[in-house]
Amino acid sequence: MADSRDDFRNPGPPPDDVRRRVLGAVRQGLGLGAIAVLSREADAGCRLVACDVADGRVARPEGTLLDTLGAAAGAWRTRQTVVLNQDAPRPMAVPYAERSVTVGGAVALVLEGGLVWADRVDGPLGTAQIDAVREVGRLLDLRDASERSIRQHAARLDELAATVEGVRSILAGGSEREAVAALAEAAARQAEAARVLVVLLGDEPGRAMVVGGAGARAREAVGRTFSIADGMLGLALRAGVVMPPGGHYQAAMGPILSPGVPVHVRIGEPLALLLLGAPEDPLGAVVRVGGRPDASIHGLRTLADTAALLIRQFRLRERLARDAMFDGLTGLYNRRALSLRLSESFAAARRHDQPLALVMLDLDHFKAVNDLHGHLVGDRVLREFADVIRLCLRESDYAGRYGGEEFALVLPGADANGARGVAERIRQRVEASRLVVASAALTVTVSGG
């Protein structure tokens with residue numbers, strides 16, 4: 001099946017070819033020496049778009065930027081129609097030729113985007129001829145407007161297709177890292193951007209990190225951490241809006257992310273900084289540099305919202321998995337996770353014929369601590385005891401909360417003497433600790449075996 005967008009991309013003969021045919025028919029039908037269409041460029045310059053001349057005349061190449069318009073300069077400047085009928089044919093500077101040509105009559109008619117010029121050699125232009133040229137100009141304006149609309153529709157369809165494909169690629173990601181990479185690539189393709197950076201806020205307040213990018217020189221920024229107060233990102237987070245308001249970078253705006261994070265944006269270049277997630281609870285931001293100036297911000301928002309939703313799902317899944325394995329109070333393994341890891345460690349020790357030590361620890365008279373000081377104090381004691389355990393373990397060791405005040409240490413590769421040494425270090429640290437409760441020092445001891 002044909003792509004439905006083909007109707008927009010291929011509306012018929014190329015517009016330049018249609019324009020040439022029209023100009024040729026009009027020139028011959030009206031007995032003109034020449035007819036030309038001029039367009040106004042973005043920098044206020046003038047370009048010769050199309051021209052048809054009678055035999056014997058030499059026109060500039062189509063597409064030429066004109067440094068002088070000759071007799072058409074007044075109409076170009078005032079945006080008013082100018083009729084130049086002469087008493088007798090004489091040389092005249094015309095916009096379509098480098099040298100003056102003999103002209104008996106001429107007209108410069110204003111178009112929406114420029115001018116149409118017509119002249120004849122052997123006499124002045126009559127009212128009917130001028131009206132006919134004016135109608136040609138009006139039809140060319142309509143044709144150009146239609147062509148612009150078709151191109152805009154085609155661009156929007158291409159952008160929509162790129163957005164849909166981008167959403168599909170983001171959703172296909174199996175991890176937060178893959179979702180970030182897919183977002184950067186999709187945002188770059190959607191707007192044909194020079195580069196895209198994806199930033200995520202860190203756990204430390206006021207800090208962020210560039211975690212992904214796409215396009216030229218994007219890798220220079222990936223992995224950089226920075227303060228969000230130093231650039232445009234901080235303003236976007238506070239205001240909850242797309243930055244910058246005009247969609248183009250200006251020197252007065254300062255750094256995009258931070259002075260130490262290279263974004264490589266030129267003055268006047270298209271720029272969009274969009275938050276990831278809801279403004280009241282953002283995950284970070286996506287920065288798009290360059291590309292099509294008319295690229296829709298809505299498509300970028302769709303990609304960003306999709307990625308933010310997926311990243312939150314991945315983080316929730318990780319949190320649930322962690323909550324299923326770790327004790328919420330102490331941060332050590334819970335009893336179920338401890339048993340699973342202990343089984344794996346036991347099997348590995350047997351397979352490699354290596355020693356494995358298991359130490360059980362119990363806080364002495366812990367019930368009395370709860371009864372005398374309350375459960376909040378008891379929770380503080382358990383957390384500080386867990387911190388002592390972590391300080392005394394090697395990287396290969398691990399611990400878990402076996403019961404209320406009972407803990408277990410698993411020490412791969414440790415024999416009885418090594419396990420006894422670890423248990424003794426923990427006992428001494430705990431006994432030396434002092435927990436201040438109601439202006440009094442609470443001493444806790446521990447037994448192990």
Would [X] and [Y] pass as an ion pair if we require N to O under 4.0 Å?
X	Y	value
R390	D387	yes
R301	D305	no
R189	E165	no

Can you tell me which residue pairs pass the side chain to side chain donor-acceptor pair (under 3.5 Å) test with a partner in residues 399-420, sequence neighbours excluded?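 Output for this query lists D327-R401, R335-Y402, N417-R420.
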What pairs meet the side chain to side chain donor-acceptor pair (under 3.5 Å) rule with one or both residues in residues 231-259, with sequence neighbours excluded?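 As it turns out, there is no side chain to side chain donor-acceptor pair (under 3.5 Å) pair with a partner in residues 231-259 once direct neighbours are skipped.
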Side chain proximity check, [X] to [Y], heavy atoms < 4.5 angstrom:
X	Y	answer
L338	V410	yes
L276	L183	yes
L358	F346	no
L38	L66	yes
R336	L340	yes
L329	R383	yes

Is there a donor-acceptor pair closer than 3.5 Å between any side-chain N or O of [X] and the backbone N or O of [Y]?
X	Y	result
R143	R19	no
E220	P262	no
D230	L257	no
R394	P412	yes

Side chains of D362 and S447, donor plus acceptor under 3.5 Å: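 Checked: D362/S447 side chains show no N/O donor-acceptor pair below 3.5 Å.
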Side chains of Y398 and R341: do they bring a donor and an acceptor to under 3.5 Å?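 Judged by distance alone, the side chains do not pair up.
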Looking at [atom1] of [X] and [atom2] of [Y], how far apart are the two atoms once the value is rounded to the nearest 0.5 Å?
X	Y	atom1	atom2	answer
L115	C46	CG	SG	7.0 Å
D52	R27	CG	CZ	4.5 Å
D281	L275	CG	CG	11.0 Å
L310	S175	CG	OG	9.0 Å
R207	T225	CZ	OG1	4.5 Å
T330	D379	OG1	CG	10.5 Å

Flag if over 12 foreign heavy atoms under 6.0 Å of [atom1], [X]:
X	atom1	value
L316	CG	yes
R292	CZ	yes
R60	CZ	yes
R322	CZ	no
R79	CZ	yes
R177	CZ	no
R219	CZ	no

R317, R315, R312 screened by side-chain hydrogen bond (donor to acceptor under 3.5 Å, both in side chains) with E176, the one that passes: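 Filter result, single survivor: R315.
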Plane angle bin for F407 and F385 - parallel if under 30°, tilted between 30 and 60°, otherwise perpendicular: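 Answer is perpendicular, since the angle exceeds 60°.
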